[in-house]
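Every chain is numbered from 1 and lettered A, B, ... according to where its sequence line falls, protein lines coming before strand lines.
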Number of protein chains: 2
Amino acid sequence: MSTSPPNTRTKILQATLDLLFADPPSKTRMSDVATQAGVSRQAVYLHFENRTDLLIAATHFLDETLDTKARLAASRNARSGLERLQAFVAAWGGYIPEIYKIATVLISLSKTDKAAATAWENRMQDMREGCAAAIDALNADGTLSPSFSPDDATDLLWTMLSVSNWEHSTRACGWDQEKYLTVLTLATRTLFYSEPSKLP
Amino acid sequence: MSTSPPNTRTKILQATLDLLFADPPSKTRMSDVATQAGVSRQAVYLHFENRTDLLIAATHFLDETLDTKARLAASRNARSGLERLQAFVAAWGGYIPEIYKIATVLISLSKTDKAAATAWENRMQDMREGCAAAIDALNADGTLSPSFSPDDATDLLWTMLSVSNWEHSTRACGWDQEKYLTVLTLATRTLFYSEPSKLP
DNA sequence: ACCCAACTTTACACTGTGTAAAGTTGACAA
DNA sequence: TTGTCAACTTTACACAGTGTAAAGTTGGGT
């Protein structure tokens with residue numbers, strides 16, 4: 001609804017994302033953000049306590065523009081457990097590239113900054129719930145592989161869909177996004193799905 | 001053979017490892033290392049160009065004391081492809097906790113430091129060869145799952161055995177080392193091994 | 001007695017974060 | 001019209017950590 005003049009706070013958040021997703025990659029120092037936003041460095045500190053605070057706010061800001069929740073909720077419409085698993089892998093796997101850059105910064109801040117660590121942990125816990133829901137759906141269908149308990153399957157799926165795995169797949173392995181999705185869909189299916197037995 | 005008086009270089013490297021693996025965790029600034037080694041901060045710069053150089057040297061130093069090569073070579077004695085896969089998972093999986101701390105530092109330096117990135121990449125490429133050898137052994141036995149090409153299987157195994165996956169498993173998932181090994185052994189077996197067909 | 005290499009001491013440049021405080025400006029109100 | 005207030009700018013500085021520079025010190029070998 002609102003195409004009103006962007007206030008300074010919004011300009012700063014947008015500038016942060018612009019820099020974070022810039023190609024070629026650029027630094028995201030407080031002064032870079034300020035320059036990009038066309039305000040003074042001090043103005044940034046007027047709106048955000050510190051760099052971590054800014055980056056966490058930028059993450060939320062990005063969520064809004066990406067309509068994160070809606071996209072991840074799509075897998076809830078699947079009819080079977082397997083469908084739901086695959087829809088979740090596709091949704092989350094497709095989402096990662098769009099948050100990758102800021103996720104990386106947040107993760108690396110997490111090592112020294114409690115607030116960043118908590119912010120990232122919360123997102124990862126949300127994501128784990130998606131994993132749990134997919135595994136539970138398989139389990140309800142009776143098509144969860146007997147090799148894994150629901151909890152272990154959830155954790156393993158959670159691990160396999162981590163941002164760092166996506167990074168490794170697309171950087172170190174050199175897979176493109178399509179290949180990543182193909183392989184992960186197949187791998188998770190192989191790991192967690194087993195044909196329903198004929199017996200009741 | 002040599003229990004000769006440790007020279008300064010060795011004292012510095014040992015001090016670096018002491019700090020890196022200290023519990024509770026401690027900082028590893030150049031001054032911390034110097035203090036721990038009982039030398040001046042400048043002495044550290046006399047032996048190592050910069051912090052990255054020091055940490056890479058410490059990694060090699062750790063390799064020597066851990067006899068890395070020998071441990072990872074053990075899987076070469078396995079008789080079947082499956083045995084070899086499982087031996088490799090066990091060997092590498094058991095190795096990760098011992099290099100985890102320094103690996104983390106090297107990885108985080110990699111983001112800004114070309115030398116650190118190269119050093120870590122080299123190690124990961126060595127590790128990938130172990131993955132490839134295990135997958136090739138399966139393939140030679142005719143027990144590699146037809147779902148994956150040898151290359152894809154190698155990359156996927158490589159990804160699953162990454163340090164960050166170990167970190168996620170033992171931190172976020174809260175698995176202990178034994179559970180990590182159990183789950184990964186089972187998961188890699190499920191993914192990559194298939195019963196030999198009866199037909200020739 | 002001298003020298004040299006290895007080390008220490010002191011001091012400083014540089015980057016980036018964060019704090020402090022005084023100045024500017026433009027909108028809105030009395 | 002003047003005043004005031006919030007948002008912003010400008011300038012300046014403290015602090016941590018890396019890395020450089022250069023002048024001491026010291027102890028073993030010749």
Side-chain angles (χ1 to χ4, degrees), chain A residues 2 4-16 18-20 22 25-59 101-102 104-117 119, chain B residues 2 4-16 18-20 22 25-59 101-102 104-117 119:
Chain A
S2 65
S4 45
N7 58 30
T8 302
R9 188 189 153 88
T10 306
K11 280 198 300 186
I12 293 170
L13 289 172
Q14 189 57 57
T16 306
D18 288 349
L19 289 177
L20 242 20
S26 53
K27 301 259 179 186
T28 321
R29 294 164 298 197
M30 296 302 261
S31 53
D32 298 319
V33 170
T35 305
Q36 175 75 19
V39 299
S40 68
R41 190 169 70 92
Q42 293 325 298
V44 180
Y45 282 101
L46 234 47
H47 291 273
F48 305 94
E49 278 197 5
N50 50 44
R51 190 161 178 268
T52 299
D53 191 42
L54 167 63
L55 288 163
I56 291 173
T59 308
K101 297 271 183 107
I102 197 161
T104 298
V105 177
L106 226 49
I107 290 169
S108 89
L109 277 178
S110 293
K111 274 149 205 158
T112 54
D113 190 307
K114 189 71 190 158
Chain B
S2 66
S4 46
N7 59 32
T8 301
R9 187 189 153 89
T10 306
K11 279 198 300 187
I12 292 170
L13 289 172
Q14 189 57 57
T16 306
D18 288 349
L19 289 177
L20 242 19
S26 53
K27 301 259 179 185
T28 322
R29 294 162 299 197
M30 295 304 260
S31 52
D32 298 319
V33 170
T35 305
Q36 176 73 20
V39 299
S40 68
R41 191 169 69 93
Q42 292 325 297
V44 180
Y45 283 102
L46 233 48
H47 290 274
F48 306 94
E49 277 197 7
N50 50 44
R51 189 161 179 268
T52 299
D53 191 42
L54 167 63
L55 288 163
I56 292 173
T59 307
K101 298 271 183 103
I102 198 161
T104 298
V105 177
L106 226 47
I107 289 169
S108 90
L109 277 178
S110 292
K111 275 149 205 157
T112 53
D113 190 307
K114 189 69 190 157

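The phosphate of dC8(D) (OP1 or OP2) has a side-chain N or O of H47(A) nearer than 4.0 angstrom.
If you measure from atom CG of N7(A) to atom P of dA6(D), you get 17 Å, rounded to the nearest angstrom. Atoms CZ (R9(A)) and P (dA6(D)) sit 19 Å apart, rounded to a whole Å. One can place CG of L46(B) at 14 Å from P of dT9(C), the figure rounded to the nearest angstrom.
Not counting sequence neighbours, the partners of D32(A) by the salt bridge (Lys or Arg N to Asp or Glu O under 4.0 Å) test are R29(A). Residues meeting the side-chain contact (heavy atoms from CB on, under 4.5 Å) test with T104(A), sequence neighbours left out: Y100(A), K111(B). Every residue two or more places apart in sequence or in another chain that forms a side-chain contact (heavy atoms from CB on, under 4.5 Å) with A119(B) is listed here: I56(B).
Distance check, rounded to the nearest 0.5 Å: CZ of R9(A) to CG of L13(A) gives 5.5 Å.
Looking at every heavy atom in both residues, T52(B) comes nearest to A115(B) through CG2-CB, 4.1 Å. Closest approach of A43(B) and I12(B) over heavy atoms only: O-CD1, 4.1 Å. The minimum heavy-atom distance between A22(B) and K101(B), with the atom names listed, is O-NZ, 3.8 Å.
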**Request:** Please report the C-alpha distance between M30(B) and L54(B) in whole Å, then the side-chain angles of each, then the deciding distance to 0.1 Å, and finally whether the side chain to side chain contact (heavy atoms under 4.5 Å, CB included) criterion is met.
**Result:** CA-CA 9 Å; M30(B) 295 304 260; L54(B) 167 63; 4.0 Å; yes

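With a cut-off of 3.5 Å on both pairing distances, the Watson-Crick and G-U wobble pairs of DNA chain D assemble into stems of 3 or more at C:1-30 with D:1-30.
Using a 4.5 Å heavy-atom cutoff, the side chains of L20(A) and L55(A) are in contact.
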Write out a two-atom table: protein N or O, nucleotide N or O from nucleotides 23-28 of chain D, distance below 3.5 Å.
none

**Prompt:** Can you give one letter per nucleotide of nucleotides 13-20 of chain D, 5' to 3': B if a protein heavy atom sits under 4.0 Å from the base, S if only from the sugar-phosphate, - if neither?
**Reply:** ----SBBB

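Crowding of E49(A) atom CD: a count of heavy atoms from other residues, nucleotides or ligands under 6.0 Å not exceeding 12.
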